Amino acid sequence: MRKSSLLLIALFVALIVSTGCREERKIDVAAKLNPKTMATMTTKNVATFISDSGVVQYKIVAPIWKVYDEVDTPYWSFPQGLYLQKYDRSFQVIATVAADSARFFSQEKVWRLDGHVEMTKVPKDLFQTEQLYWDQRRRILYSDSFIHIETSTHTLEGIGFESDERLTSYRIIKPQGIFPVNSQDFAAGGAPSTAPSPVASPVTAAPGAPPQSSPIIPNNSIP
């Protein structure tokens, strides 16, 4: 009888110790789960349409889409690349954007595209840079990085870029060169002519004056 009582006491103590260890482990795991560092949603192989006022505006394609809604500045992350198509009201593709990675800051409505960023605009305009911002509220695109632009008549290069979001009126902040393109070679898919046009000499601004930049260039209207 005494041995049975001792056995029951021993089992009761072991049960209490075991339960305490399990609770401690649960507390340790919970302490490591920080909502501000974790994605609230992760989706793979994304292909989705984005609408505005009931009209489809964009299509997004990405291997991984992560949403961080609990952080101080909520954002979407596309760590393995992003491809985006922009449509007109007839649901025709008028522009495309591709990047190695991207973030969309949902409250500010600003996209940041990184890596090899490439934009195309119908019919043949091409824009290439390493980083690009797209402010949807202000309807502008801008970059502080090197920019390479190809149109049907010219290839332009420089540092810094500003444009309306339709890419119909843009400028290079610090132009480095304008190269004419042979229209026949361009139509045939050949390489652009390498004969450079004269590059504008830098202008020395008066003290206190804003920095000089290239004039706004209407799309397909380069002199």
Side-chain angles (χ1 to χ4, degrees), residues 39 41-52 55-68 74-106 108-173 176-177 179 181 186-187 189-192 217 219-220 222:
M41 183 192 77
T42 299
T43 307
K44 295 183 178 180
N45 300 321
V46 178
T48 186
F49 293 97
I50 306 296
S51 300
D52 184 10
V55 179
V56 175
Q57 299 284 337
Y58 315 102
K59 179 181 180 181
I60 293 176
V61 179
I64 296 180
W65 176 15
K66 294 185 176 184
V67 177
Y68 294 84
Y75 66 93
W76 303 350
S77 175
F78 302 88
Q80 295 186 13
L82 171 75
Y83 177 74
L84 182 148
Q85 290 181 330
K86 180 173 174 58
Y87 301 103
D88 62 12
R89 290 189 172 272
S90 300
F91 204 61
Q92 299 296 315
V93 176
I94 59 174
T96 66
V97 179
D100 289 343
S101 65
R103 283 192 179 189
F104 175 66
F105 300 95
S106 53
E108 294 80 4
K109 302 297 182 185
V110 173
W111 287 87
R112 191 187 77 194
L113 309 170
D114 296 293
H116 294 88
V117 182
E118 182 174 295
M119 299 182 294
T120 64
K121 180 182 180 298
V122 174
K124 291 185 177 181
D125 290 359
L126 173 68
F127 302 77
Q128 295 175 321
T129 186
E130 296 178 354
Q131 187 179 71
L132 182 75
Y133 289 89
W134 174 16
D135 189 327
Q136 289 186 304
R137 286 180 177 170
R138 298 165 60 194
R139 300 183 180 276
I140 62 171
L141 301 165
Y142 58 93
S143 174
D144 294 327
S145 303
F146 175 81
I147 183 81
H148 173 91
I149 303 173
E150 294 180 11
T151 72
S152 59
T153 57
H154 284 75
T155 296
L156 303 93
E157 293 182 345
I159 305 296
F161 173 75
E162 293 180 354
S163 173
D164 66 323
E165 68 176 4
R166 297 181 63 85
L167 296 171
T168 56
S169 180
Y170 52 82
R171 66 173 180 170
I172 295 177
I173 307 302
Q176 295 181 342
F179 309 93
V181 173
F186 191 88
I217 305 173
N219 191 39
N220 295 330
I222 302 171

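Since the model is a prediction, treat every value here as computed from it, not as a measurement. Quick note: numbers below take in every heavy atom, side chains included, and nothing from hydrogens, waters or symmetry partners.
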**Request:** Provide the closest heavy-atom pair for Pro79 versus Ser101 in the form atom of the first, atom of the second, distance.
**Result:** O-CB, 3.9 Å

**Prompt:** How many angstroms lie between CD in Gln85 and OG1 in Thr96, if you round to the nearest 0.5 Å?
**Reply:** 7.5 Å

**Request:** Taking all heavy atoms of Gly81 and all of Ala62, pick out the closest pair and write down the distance.
**Result:** O-CB, 3.5 Å

**Message:** Determine whether a donor-acceptor pair (N or O, by modelled atom type, separation under 3.5 Å) exists between the side chain of Ser143 and the backbone of Ser145.
**Reply:** yes

**Message:** Side chains of Val93 and Tyr87, heavy atoms from C-beta outward: is any pair under 4.5 Å?
**Reply:** yes

**Asked** Any side-chain heavy-atom pair from Gln57 and Ile50 closer than 4.5 angstrom?
**Response** no

**Prompt:** Tell me, do Leu113 and Trp134 make a side-chain contact under 4.5 Å, heavy atoms counted?
**Reply:** no

**Message:** Let me confirm one number: the NE2-CD distance from His148 to Glu157, rounded to the nearest 0.5 Å.
**Reply:** 5.5 Å

**Prompt:** If every non-hydrogen atom of Tyr68 is compared with every non-hydrogen atom of Ala39, which pair is closest and at what distance?
**Reply:** CE2-N, 3.5 Å

**Message:** Are Phe146 and Glu130 packed together at the side-chain level, in the sense that at least one heavy-atom pair is separated by less than 4.5 angstrom?
**Reply:** no

**Asked** Got a second to check how far Ile149's CD1 is from Phe161's CZ, nearest 0.5 Å?
**Response** 5.0 Å

**Item:** Validation row, ring centre Trp65 to ring centre Phe104 under 6.0 Å
**Value:** no

**Shortest non-hydrogen separation from Arg166 to Lys121 and the atoms involved** = O-CE, 3.0 Å

**Asked** Is there side-chain contact between Gln131 and Asp144, with heavy atoms separated by less than 4.5 Å?
**Response** no

**Request:** May I ask you to decide if Ile140's main-chain N or O and Asp135's side chain share a donor-acceptor pair within less than 3.5 Å?
**Result:** no

**Prompt:** Just by modelled atom types, is the Ser169 backbone N or O under 3.5 Å from a matching donor or acceptor in the Asp164 side chain?
**Reply:** yes

**Prompt:** Nearest 0.5 Å, what's the CZ-CZ distance between Arg112 and Phe78?
**Reply:** 13.0 Å

**Asked** Is there side-chain contact between Met119 and Leu132, with at least one heavy-atom pair below 4.5 Å?
**Response** yes

**Message:** For a 4.5 angstrom cut-off between non-hydrogen side-chain atoms, does Asp125 reach Leu167?
**Reply:** no

**Message:** Out of the candidates Leu141, Ile159, Ile147, only one should pair with Thr129 under the side-chain contact (heavy atoms from CB on, under 4.5 Å) rule; please name it.
**Reply:** Ile147

**Request:** Side-chain contact test, heavy atoms from C-beta onward, threshold under 4.5 Å: evaluate it for Leu82 versus Trp111 and give yes or no.
**Result:** yes

**Request:** Please name the pair of heavy atoms, one in Ala99 and one in Val117, separated by the smallest distance, quoted to 0.1 Å.
**Result:** CB-CG2, 4.1 Å

**Asked** When rounded to the nearest 0.5 angstrom, what is the spacing between OG in Ser163 and OH in Tyr142?
**Response** 13.0 Å

**Item:** Pairwise distance CH2(Trp76) to CZ(Arg103) - rounded to 0.5 angstrom
**Value:** 14.5 Å

